[in-house]
Amino acid sequence: MSEPFEPRIVGFLCNWCTYTAADSAGVSRMEQPPNVDVIRVMCSGRIDPAFILKAFAEGADGVIVSGCHPPGDCHYSNGNFKTFRRMPLVEALLAQYGIEAGRFHWGWISGAEAVKWAELVREFTEQVRVLGPLDWQHELADKEG
């Protein structure tokens, strides 16, 4: 009998807000699954859409992008405005590649919201678990061939 599916999730987290919340959730031993591989970035506005596509191409079943609360709370003034403008375009791009909307989450979590981070990780992990493994490479090969 095979092991139950455990999703691999990549989280691109703003150093100043969401990463701080994730760190606080861990230090406080809040209950959360260990499925998210965190990549700390200085600002969510610096996340190139290619990073998200690469995460899926390299085997992620889900991706989280999270930064400072908009508007104006970004430590770099307007970084979260860039995120706010880019992520709907990323959602459309992922849909064109056949990646279900439930595999991608973007939003805002401040450094003081460790509980919100832990809840997001639990809910998103379960959501991706229900969707099952993303066999993106196999689907691309089927479409090309």
Side-chain angles (χ1 to χ4, degrees), residues 1-140:
M1 187 169 168
S2 65
E3 294 285 322
F5 168 64
E6 281 299 325
R8 179 170 176 240
I9 299 168
V10 174
F12 294 99
L13 311 183
C14 161
N15 177 65
W16 304 105
C17 284
T18 308
Y19 180 82
T20 302
D23 187 49
S24 293
V27 169
S28 299
R29 298 184 182 265
M30 293 180 185
E31 185 179 330
Q32 55 185 320
N35 298 69
V36 179
D37 295 327
V38 172
I39 298 174
R40 179 169 48 172
V41 296
M42 292 310 291
C43 178
S44 63
R46 297 293 310 229
I47 298 168
D48 189 305
F51 298 168
I52 297 163
L53 291 172
K54 183 168 176 62
F56 282 117
E58 297 283 325
D61 299 299
V63 174
I64 297 171
V65 172
S66 188
C68 300
H69 281 278
D73 283 345
C74 179
H75 284 71
Y76 298 104
S77 298
N78 64 357
N80 50 16
F81 287 115
K82 291 178 183 177
T83 305
F84 188 75
R85 288 191 310 260
R86 278 188 194 141
M87 293 306 117
L89 299 173
V90 170
E91 289 173 328
L93 181 63
L94 294 176
Q96 287 183 342
Y97 279 109
I99 297 173
E100 300 103 323
R103 296 186 182 277
F104 179 62
H105 171 86
W106 66 277
W108 324 110
I109 297 177
S110 79
E113 295 179 309
V115 171
K116 185 175 178 181
W117 168 257
E119 288 173 0
L120 171 65
V121 171
R122 285 192 302 271
E123 291 169 7
F124 189 70
T125 299
E126 186 54 36
Q127 179 176 311
V128 175
R129 187 178 287 126
V130 168
L131 289 171
L134 175 63
D135 192 5
W136 194 32
Q137 295 300 325
H138 183 261
E139 288 186 29
L140 286 178

Mind checking salt bridge (Lys or Arg N to Asp or Glu O under 4.0 Å) for [X] and listing every partner two or more places apart, or none if nothing turns up?
| X | answer |
| --- | --- |
| Glu6 | Arg129 |
| Arg8 | Asp37 |
| Arg103 | Glu100 |
| Glu119 | none |

Worksheet entry | Test item: Thr125 side-chain N/O and Pro33 main-chain N/O as donor-acceptor pair under 3.5 Å |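 Absent.
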Worksheet item: Does Pro7 offer a backbone N or O that forms a donor-acceptor pair with the side chain of Asn35 under 3.5 Å?
Response: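 Yes; at least one donor-acceptor contact below 3.5 Å.
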Worksheet item: Under the side chain to side chain contact (heavy atoms under 4.5 Å, CB included) test, which residues partner Pro133, sequence neighbours left out?
Response: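 Pro133 satisfies side chain to side chain contact (heavy atoms under 4.5 Å, CB included) with Phe5, Asp61 once adjacent residues are dropped.
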Discussion item. Which residues pass the side chain to side chain contact (heavy atoms under 4.5 Å, CB included) test with Met42, not counting sequence neighbours?
Written reply: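 Residues passing side chain to side chain contact (heavy atoms under 4.5 Å, CB included) with Met42: Asn15, Trp16, Tyr76.
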Discussion item. Taking side-chain contact (heavy atoms from CB on, under 4.5 Å) as the criterion, tell me which of Gln32, Lys116, Glu31 meets it with Val121.
Written reply: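 By the side-chain contact (heavy atoms from CB on, under 4.5 Å) criterion, Val121 pairs with just one of Gln32, Lys116, Glu31: Gln32.
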Worksheet item: Which pair of non-hydrogen atoms, one from Asn80 and one from Trp108, has the smallest distance, and what is that distance?
Response: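 That closest heavy-atom pairing would be O-CH2, 3.5 Å.
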Worksheet item: Any idea which heavy atoms bring Ala25 and Ala118 closest together, and the distance?
Response: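 For Ala25 and Ala118, the tightest heavy-atom pair comes out as CB-CB, 4.5 Å.
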Discussion item. What verdict does the side-chain contact (heavy atoms from CB on, under 4.5 Å) test give for Leu13 and Trp117, after you've listed the backbone C-alpha separation in whole Å, the side-chain angles of each residue and the deciding distance to 0.1 Å?
Written reply: CA-CA 11 Å; Leu13 311 183; Trp117 168 257; 3.7 Å; yes
Could you give the distance from [atom1] ([X]) to [atom2] ([Y]), rounded to the nearest 0.5 Å?
| X | Y | atom1 | atom2 | value |
| --- | --- | --- | --- | --- |
| Ser66 | Ile109 | OG | CD1 | 4.0 Å |
| Cys17 | Asp73 | SG | CG | 7.5 Å |
| Cys74 | Lys82 | SG | NZ | 9.0 Å |
| Leu94 | Met87 | CG | CE | 9.5 Å |

Worksheet item: Do the side-chain N and O atoms of Glu113 and His69 include a donor-acceptor pair separated by under 3.5 angstrom?
Response: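 The answer is yes; a qualifying pair exists.
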Worksheet item: Side-chain contact, heavy-atom cut-off 4.5 Å: Ile99 with Phe56?
Response: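 Sidechains of Phe56 and Ile99: in contact.
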Worksheet item: Excluding sequence neighbours, so at least two apart, what forms side chain to side chain donor-acceptor pair (under 3.5 Å) with Asn78?
Response: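 Result, side chain to side chain donor-acceptor pair (under 3.5 Å) vs Asn78: none returned.
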Discussion item. According to side chain to side chain donor-acceptor pair (under 3.5 Å), who are the partners of Trp106, at least two apart in sequence or on a separate chain?
Written reply: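 Applying side chain to side chain donor-acceptor pair (under 3.5 Å) to Trp106 gives Glu91.
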With a cut-off of 3.5 Å and sequence neighbours excluded, list every side-chain donor-acceptor pair involving residues 45-54.
unit_1: Asp48; atom_1: OD1; unit_2: Ala50; atom_2: N; d: 2.7
unit_1: Lys54; atom_1: NZ; unit_2: Glu58; atom_2: OE2; d: 3.2

Discussion item. Quick test of your reading: applying side-chain hydrogen bond (donor to acceptor under 3.5 Å, both in side chains), list the pairs with at least one residue in residues 19-30, sequence neighbours left out, ordered by first then second residue.
Written reply: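 Matches after skipping sequence neighbours: none remain.
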